[in-house]
Structure formats: structure tokens, C-alpha cells
Amino acid sequence: SEGAKAILNGKLSDILEPAQMALFLKQLRVDEGCTLAVETLMGPAVDGLFLSEAALLLDVSQAVQERKLGRASLLAPQAGVTESTPLVAELPAGARSVLSVVQSGDPAIQRFLEKYLGGCLIVDDMSAFLQYVAAHPEFVFDRAASIDGEFYDSSGLLLTGRTNSR
């Protein structure tokens, strides 16, 4: 994003040191064939900057707005509750927890991933997953993405099809 690039290029060097931030996506290891699904589940976090501590969020946010640096996704470790939507032990055929395919070597980023993506699934076939969810309304999940980039969330939002460029 425009704001993240400006921050990385030192536009906030008076309040944010390079060691206090990292380009989020660069800190992740994603299994082969799962990148599009992981990026889809990440939403605005995909091009975010991970800040070393939550206390930086307010100052950085205010500076981005005041200096008109553009839009920026800012991520930070949060204290307190770290529970996400729990997944049941037995998932539908063709579904797996996204946390089985994406990891970070940074413990703070790994904890963020576990909270942000803990209730998320990657599915091989979105149509089959939708049929399963319709037949099992008690099934609990947060968001699901297919390996082709389709997206479905537990509120009923479905993003399907492809852009002309894909």
C-alpha cells in the first residue's frame, strides 16, 4: 500500500525505527500451492506492516493520517485474549486449517497469525465446502478460501469468480 511504502522509505523515521517494523508477508512461509488462498484469507493484512508492539499503533496511525501518507495496514501483537474461532477436530473432506500451511519464525508474528487466522480454512473445492456448510449448520469456522482464491465467511459473504487478469 502507498502508506506502507512511505513508512518503509523512512517517512516516519522520527517516530519509528526500522527494527520496530517488518513487511508482514515477507515474514511468512507458505506451503507451495497455497499462496493465493493464504493471501485471500489475509485480506488487508496481506500488504501490512507488522509493528513490534501494540503501543506503536496509535502514534503511527496518527502520523500516517496527519502527514497524508496514504492508506496503510498496521498489525501488532495484542496483549490479553488470544483465542480465535476454534475449529473442530474433524474438518470436512478437502478442508484444512490455514495454520497448517503458513508459519513465521518470529514468535510474535506466529501468535498474531494464530489469532488472525485461527478459525480459517483452506478448501480444495469451494462448491463442496458450501454444500457441507449447508448440510451442517452447526459447523463453526471464521473464513474459508479455496486454492483458486474464492472466499467465504461465516456471515455468508461469498467472493467468487476471477478477475479478467487471472
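Residue numbers start at 1 and run along the sequence shown.
- A heavy-atom distance below 4.5 Å is found between the side chains of M21 and L8.
- Taken from CD in E90 to CZ in F139, the straight-line distance is 10.5 Å, to the nearest 0.5 Å.
- If you take CZ on F24 and CG on L113, they are separated by 4.5 Å, rounding to the nearest 0.5 Å.
- Taking every heavy atom of both residues into account, A37 and A145 meet most closely at O-CB, 3.5 Å.
- Of the inter-residue distances, the one linking S73 atom OG with D47 atom CG reads 5.0 Å to the nearest 0.5 angstrom.
- Not counting sequence neighbours, the partners of S61 by the side-chain hydrogen bond (donor to acceptor under 3.5 Å, both in side chains) test are Q65.
- The two residues Q110 and Q103 come nearest to each other via the heavy atoms OE1-CA, 3.4 Å.
- Within 6.0 Å of CD on E32 lie no more than 12 heavy atoms contributed by other residues, nucleotides or ligands.
- No single ILVMFWY cluster, assembled from side-chain heavy atoms under 4.5 Å apart, contains both L16 and L75.
- Under the rule for a salt bridge (Lys or Arg N to Asp or Glu O under 4.0 Å), R71 has no partner lying at least two apart in sequence or in another chain.
- Contact check for L117 versus V102: side-chain heavy atoms found under the 4.5 Å cut-off.
- Side-chain contact between L69 and K5 is absent, with no heavy atoms from C-beta onward closer than 4.5 Å.
- The SG atom of C120 lies 5.0 Å from the CG atom of L41; values are rounded to the nearest 0.5 Å.
- Side-chain contact check for L12 versus V64: some heavy-atom pair is nearer than 4.5 Å.
- Applying the salt bridge (charged side-chain N to carboxylate O under 4.0 Å, His left out) test to every pair with at least one member in residues 116-135, sequence neighbours left out, gives these pairs: R96-D124.
- Counting heavy atoms from C-beta outward, L130 and L158 have side chains that approach closer than 4.5 Å.
- For the 3.5 Å distance criterion, the side chains of D153 and S155 qualify, holding a donor opposite an acceptor.
- Smallest separation of non-hydrogen atoms from P77 and S52: CG-O, 3.6 Å.
- I15 and F50 fall into different hydrophobic clusters, where Ile, Leu, Val, Met, Phe, Trp and Tyr side chains are chained together by heavy-atom contacts under 4.5 Å.
- The OG1 atom of T40 sits 9.5 Å away from the CD atom of E150 when rounded to the nearest 0.5 Å.
- In the hydrophobic clustering of ILVMFWY residues, with side-chain heavy atoms under 4.5 Å counting as a link, Y152 and V123 come out together.
- Here the closest non-hydrogen pair linking L99 and G118 is CD1-CA, 3.8 Å.
- Because its NZ or CZ atom is not both nearer than 6.0 Å to the ring centre of Y116 and within 45° of the ring axis, R111 does not count as a cation-pi partner of that residue.
- For E17, the CD atom sits in a loose shell: 12 or fewer heavy atoms of surrounding residues, nucleotides or ligands are nearer than 6.0 Å.
- Residues V98 and L159 are members of one and the same hydrophobic cluster, defined by side-chain heavy-atom contacts under 4.5 angstrom among Ile, Leu, Val, Met, Phe, Trp and Tyr.
- With hydrogens and angles ignored, the 3.5 Å screen pairs no side-chain donor or acceptor of S146 with any backbone N or O of M126.
- The side-chain heavy atoms of Q78 and L57, taken from C-beta on, include a pair separated by under 4.5 Å.
- Between F141 and Y132, the distance separating the two ring centers is not shorter than 6.0 angstrom.
- Between S104 and R29, the closest heavy-atom pair is C-NH1, 3.8 Å.
- I7 CD1 to E2 CD: the interatomic distance, rounded to the nearest 0.5 Å, is 11.0 Å.
- Placement of F112 and L74 in two distinct hydrophobic clusters is found when ILVMFWY residues are connected by side-chain heavy-atom separations under 4.5 Å, directly or transitively.
- Taking both residues in full, the closest heavy atoms of P107 and G105 are given as CD-O, 3.4 Å, listed atom of the first, atom of the second, then distance.
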